[in-house]
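Inspection log for the structure reproduced underneath, given as structure tokens.
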Amino acid sequence: MPLEDIEKIAEDTGFSGVVQIDRAGEIEFAKAYGLANRAYRVPNTVDTRFGIASGGKGFTALTVLSLVREGALGLDTTARSLLGGDLPLIADDVTVEHLLTHTSGIGDYLDEEGDWEANDYVMGAVHELTTTESFLPRLDGIPTKFKAGERFGYCNGGYVVLALLAERASGQSYHDLVRERVLRPADMTRTDFLRSDELPGDAAAGYLDGMDRSNVFHLPVVANGDGGIHTTAGDMSKFWRTLFTRDDVEEFVRPRLDVPEESLRYGLGFWLHQSTDTVILAGYDAGASFKSTHDPHTGTTITVLSNTAPGAWPIARALMS
């Protein structure tokens, strides 16, 4: 797509965020639009950090699979074997692989098939959600939706359960596991779990669709296994380059499921193009939207980050179609 078309879409939609196109390590296009903080008129820059909502599920998957590689977990490890008496409504046959592929069937604390909008206040006391264990009351008491392995059913709660299993198998906090096993090896020095009520000056506040109201009461104050970590376009390029130097990368990006309702396929924590080898991370939350794709054949990474939702989608669709 001609780069001038990006400018037109950004202008027509009032886009707030960053667009970057990286071809084999050479930045072809990188530009910031809009404001990181509207009250103080702080502009976004190409180095601004944005929350990426469910884009962080890929980081959780890599963390869990690093424990699988070491033998601390197996893809066939049951959730029950580590949960003990916690979350008794999770069926005994639900495995790590079911959770990674959204085929566990467990009830979701933030059910994307439910009747709610991104601007709704659906999370309850978000200031209490600072650790993985603090999610247990939110995950508890939700009935199973379908039998494990029966079908694909996108599940945020499943990825929080994965974070919990990783903690119990390793004896380390989920946040430290991601830092040590994903961020540090990729030199992602601008990526971290930032408190939404204590954002540093280089991070964008998230804004509700059509409002100047921030998302601070809409999402967990500290992101967890189902997403919400803050990152930059530059760090996402580092992430993809590092991922595709791994000798086990095919384990993550091998198609395991067709998801026709999304016109995509799914691997282990990563979306996959329906007909090519392009790998995708994407996320959408109150005050955050994100999409990053990587073509392993050309080394091309396209990343769109926005501090509004659905702010990233028009540009992402145009660039990635």
Side-chain angles (χ1 to χ4, degrees), residues 1-22 29-58 110 112 116-123 154 156 190-191 194 196 199 201-220 223 226-237 262 264 271 280-293 301-321:
M1 123 181 236
L3 297 182
E4 55 267 25
D5 288 356
I6 300 175
E7 300 289 336
K8 186 176 189 313
I9 296 171
E11 181 178 353
D12 290 347
T13 62
F15 174 68
S16 177
V18 169
V19 181
Q20 180 169 294
I21 302 171
D22 176 342
F29 182 89
K31 188 168 180 179
Y33 304 81
L35 297 174
N37 188 295
R38 297 179 184 177
Y40 296 101
R41 310 298 296 175
V42 178
N44 285 317
T45 75
V46 294
D47 295 318
T48 296
R49 297 196 269 183
F50 293 85
I52 61 171
S54 288
K57 286 183 172 70
L110 189 61
E112 300 208 3
W116 57 275
E117 301 292 335
N119 279 7
D120 293 345
Y121 294 90
V122 295
M123 290 293 294
Y154 193 86
N156 291 288
R190 307 271 298 139
T191 304
L194 306 179
S196 64
L199 289 176
D202 62 352
Y207 292 97
L208 305 189
D209 185 25
M211 303 182 187
D212 286 336
R213 186 180 302 163
S214 85
N215 63 356
V216 70
F217 296 124
H218 285 72
L219 305 173
D226 56 345
I229 196 169
H230 281 72
T231 192
T232 66
D235 267 12
M236 286 308 304
S237 287
E262 299 289 344
L264 294 169
W271 293 100
I280 304 161
L281 287 176
Y284 180 116
D285 265 333
S289 52
F290 158 83
K291 196 168 187 180
S292 185
T293 69
T301 293
I302 301 172
T303 297
V304 185
L305 305 116
S306 179
N307 56 334
T308 65
W313 295 138
I315 289 178
R317 279 195 296 266
L319 284 172
M320 301 168 187
S321 60

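Bear in mind that the values here come from a model prediction, so they are computed numbers and not experimental data.
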Can you find a heavy atom in the side chain of [X] that is under 4.5 Å from one in the side chain of [Y]?
{"X": "Lys31", "Y": "Glu7", "value": "yes"}
{"X": "Ile229", "Y": "Ile52", "value": "yes"}
{"X": "Met320", "Y": "Ile280", "value": "no"}
{"X": "Arg49", "Y": "Thr191", "value": "no"}
{"X": "Thr303", "Y": "Ile21", "value": "no"}
{"X": "Phe29", "Y": "Val19", "value": "yes"}
{"X": "Asp12", "Y": "Ile9", "value": "no"}
{"X": "Tyr284", "Y": "Lys291", "value": "no"}

Once you round to the nearest 0.5 Å, how far does [atom1] of [X] lie from [atom2] of [Y]?
{"X": "Ser292", "Y": "Asp235", "atom1": "OG", "atom2": "CG", "value": "11.0 Å"}
{"X": "Asn156", "Y": "Ser54", "atom1": "CG", "atom2": "OG", "value": "5.0 Å"}
{"X": "Glu262", "Y": "Tyr154", "atom1": "CD", "atom2": "OH", "value": "9.0 Å"}
{"X": "Ile302", "Y": "Thr293", "atom1": "CD1", "atom2": "OG1", "value": "4.5 Å"}
{"X": "Glu11", "Y": "Ile6", "atom1": "CD", "atom2": "CD1", "value": "14.0 Å"}
{"X": "Arg190", "Y": "His230", "atom1": "CZ", "atom2": "NE2", "value": "11.5 Å"}

Distance-only side-chain donor-acceptor flag, [X] / [Y], under 3.5 Å:
{"X": "Asp22", "Y": "Thr301", "result": "no"}
{"X": "Thr232", "Y": "Asp47", "result": "no"}
{"X": "Ser16", "Y": "Tyr207", "result": "no"}
{"X": "Asp209", "Y": "Thr308", "result": "no"}

Compare every heavy atom of [Y] with every heavy atom of [X], then report the nearest pair and how far apart it is.
{"X": "Ala205", "Y": "Leu199", "value": "CA-CD1, 4.0 Å"}
{"X": "Gly51", "Y": "Ala288", "value": "O-CB, 3.7 Å"}
{"X": "Val18", "Y": "Ala233", "value": "CG1-CB, 4.0 Å"}
{"X": "Pro310", "Y": "Ser289", "value": "C-OG, 3.7 Å"}
{"X": "Gly17", "Y": "Phe50", "value": "CA-CZ, 3.7 Å"}
{"X": "Ala309", "Y": "Gly287", "value": "CB-N, 4.3 Å"}

Could you walk me through whether Asp212 and Arg38 pass the salt bridge (Lys or Arg N to Asp or Glu O under 4.0 Å) test, one step at a time?
CA-CA 7 Å; Asp212 286 336; Arg38 297 179 184 177; 2.7 Å; yes

May I ask you to decide if the ring planes of Phe15 and Tyr33 are parallel, tilted or perpendicular, using 30° and 60° as cut-offs?
perpendicular

Are Leu35 and Val42 close enough, and set up right, to give a side chain to side chain contact (heavy atoms under 4.5 Å, CB included), and what steps lead you there?
CA-CA 6 Å; Leu35 297 174; Val42 178; 6.0 Å; no

Under the side chain to side chain contact (heavy atoms under 4.5 Å, CB included) rule, what do Thr231 and Leu305 come out as? Steps first, then yes or no, please.
CA-CA 9 Å; Thr231 192; Leu305 305 116; 4.1 Å; yes

